[in-house]
Amino acid sequence: MLAISRFPDEVKSDFREAFDVTFIDVMPTGGPNAALGAREVLLLSFGSELRTAVIGALPASLKAIATYSVGYEHIDIAAARARGLTVLNTPGVLTDAVAEIGLLLMLGAARRATESIDLIRSRHWPGWNPTQLIGVELLGKNLGILGMGRIGRGIARRARAFGMTIHYHNRSRAAPGLEDNAIYHARFPDMAATTDVLMIAAQLSAETRHYLDAGRVAMLKRGTIVCNVARGDLIDDDALIAALQNGHVRAAGLDVFENEPTIDPRYYDLPNVFMLPHIGSSTIETRRRMAQALIIGLETLRAGGKPANRVV
Ligand code: DGY
């Protein structure tokens with residue numbers, strides 16, 4: 001196996017126990033082929049792109065691509081399928097870590113964490129007074145979740161404990177056992193009309209790119225908080241930034257951005273943006289579970305079985 005990415009030491013040990021593996025930190029400029037040689041598995045992650053031309057030129061000995069991520073938009077899946085390659089990812093094992101970050105984003109945005117941290121770290125905090133950094137509570141608010149998959153449901157479960165009422169919009173209604181009293185809206189505008197906090201937890205696709213555009217931002221109630229744990233490209237930055245500047249959107253909690261790490265620089269100057277550098281899945285527990293998911297999938301494949309985490 002050739003593994004391209006920086007992995008925690010524990011994760012490297014997990015992979016080494018299961019496979020004969022060579023690690024390199026970054027994708028070579030000319031593509032992976034020279035380093036791959038006759039290896040059968042290419043392991044990489046979000047940030048290492050495998051587009052059509054590169055996939056077409058991969059050596060015939062390669063059997064599988066394993067992405068150390070749940071998202072796989074960095075791989076041209078149609079090209080991998082055409083080339084007869086199996087692609088594995090890590091669904092399910094990131095749910096709790098990302099859902100916890102979802103709660104952090106909501107709290108950080110609602111309670112003005114950016115301004116608070118800046119104030120105390122500036123060493124110019126004048127001391128407590130009743131007008132200081134007044135935010136809003138989550139208690140009693142409506143949470144509108146865009147994309148009620150595993151992560152959306154994980155956020156819903158935790159948000160209920162904060163006293164929030166859960167609404168959601170999906171292409172289709174969740175199975176009754178998975179809905180857990182969340183209120184389904186078949187149309188985004190209906191959910192937007194009731195939402196105090198919008199949580200984006202949807203998958204990125206050609207259809208959902210820039211889903212939260214100026215038209216949909218206008219459908220939100222004035223003062224809505226917008227959070228994103230999924231992918232930055234789901235948001236049209238121009239639309240969100242304008243609404244954060246004019247107060248239509250009260251605050252945003254963002255863990256993901258379009259064009260990471262070269263994010264729209266206007267975000268840095270907005271005190272009502274609580275932002276994190278894509279750390280949703282960054283816990284050691286999750287990192288090791290991601291490795292285990294790929295190890296199990298690859299071993300299943302090697303034994304001639306059908307891995308549960310097979311994308312194609
Ligand atoms: C994932 O697994 O998709 C995480 O967002 C890291 O890319």
Side-chain angles (χ1 to χ4, degrees), residues 3-8 10-12 14-15 23 25-27 41-51 64-77 80 86-106 108 145-155 158 199-206 208-209 211-212 226-235 252-263 274-298 307-312:
I4 306 179
S5 200
R6 293 191 181 85
F7 294 100
E10 295 90 331
V11 168
K12 282 186 168 178
D14 292 342
F15 279 120
F23 290 97
D25 283 354
V26 288
M27 177 72 84
V41 178
L42 173 59
L43 169 68
L44 42 67
S45 193
F46 180 73
S48 285
E49 302 228 320
L50 279 187
R51 296 293 163 215
I65 299 167
T67 182
Y68 188 80
S69 61
V70 65
Y72 46 82
E73 69 273 18
H74 50 293
I75 301 171
D76 187 328
I77 295 297
T86 297
V87 179
L88 302 181
N89 71 338
T90 63
V93 294
L94 294 79
T95 306
D96 293 306
V98 178
E100 286 184 3
I101 285 293
L103 271 287
L104 179 60
L105 294 177
M106 288 200 275
I145 300 182
L146 178 70
M148 197 64 146
R150 289 189 195 89
I151 292 172
R153 295 197 299 276
I155 293 170
R158 289 163 174 81
M199 174 64 67
I200 301 178
Q203 251 197 339
L204 176 65
S205 66
T208 59
R209 188 167 180 277
Y211 186 88
L212 191 65
V226 172
C227 297
N228 189 1
V229 289
R231 285 290 183 262
D233 306 53
L234 288 153
I235 292 179
L254 307 172
D255 184 45
V256 285
F257 299 85
E258 189 159 27
N259 299 323
E260 293 174 12
T262 315
I263 72 173
F274 174 63
M275 52 185 185
L276 300 171
H278 200 147
I279 59 164
S281 61
S282 304
T283 66
I284 190 61
E285 295 89 346
T286 288
R287 289 284 175 263
R288 296 196 75 176
R289 283 197 293 263
M290 292 167 78
Q292 287 310 319
L294 293 179
I295 290 168
I296 292 168
L298 289 166
N309 52 338
R310 185 178 181 149
V311 179
V312 284

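One-based numbering, in listed order, for ligands and for the atoms of each. The structure displayed is predicted, hence computed values, not measured ones.
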Peer 1: Just need the protein heavy atom nearest to atom 2 (O) of ligand 1, so name the residue and atom and give the distance.
Peer 2: Val70 N, 2.6 Å
Peer 1: Between Arg289 and Asp14, does at least one N-O distance fall below 4.0 Å, as a salt bridge requires?
Peer 2: no
Peer 1: List the steps, then state whether salt bridge (charged side-chain N to carboxylate O under 4.0 Å, His left out) holds for Asp25 with Arg6.
Peer 2: CA-CA 5 Å; Asp25 283 354; Arg6 293 191 181 85; 3.8 Å; yes
Peer 1: What atoms of ligand 1 come closer than 4.0 angstrom to any heavy atom of His278?
Peer 2: 4 (C), 5 (O), 6 (C), 7 (O)
Peer 1: With heavy atoms of Arg231 as the reference, note each atom of ligand 1 found under 4.0 Å away.
Peer 2: 1 (C), 3 (O), 5 (O), 7 (O)
Peer 1: Using atom types as modelled and distance alone, determine if a side-chain donor or acceptor of Ser45 lies under 3.5 Å from a backbone N or O of Ser69.
Peer 2: no
Peer 1: Do you know the tightest heavy-atom contact between Ala230 and Val256?
Peer 2: O-CG1, 3.5 Å
Peer 1: Within the structure, does Met290 bring an N/O atom to less than 3.5 angstrom of an N/O atom in ligand 1?
Peer 2: no
Peer 1: Write down the atom of Leu44, the atom of Ile75, and the distance for their closest heavy-atom approach.
Peer 2: CD1-CD1, 4.1 Å
Peer 1: Which ligand 1 atoms are under 4.0 Å away from a heavy-atom of Phe46?
Peer 2: 7 (O)
Peer 1: Show which atoms of ligand 1 fall inside a sub-4.0 Å distance from at least one heavy-atom site of Leu94.
Peer 2: 1 (C), 2 (O)
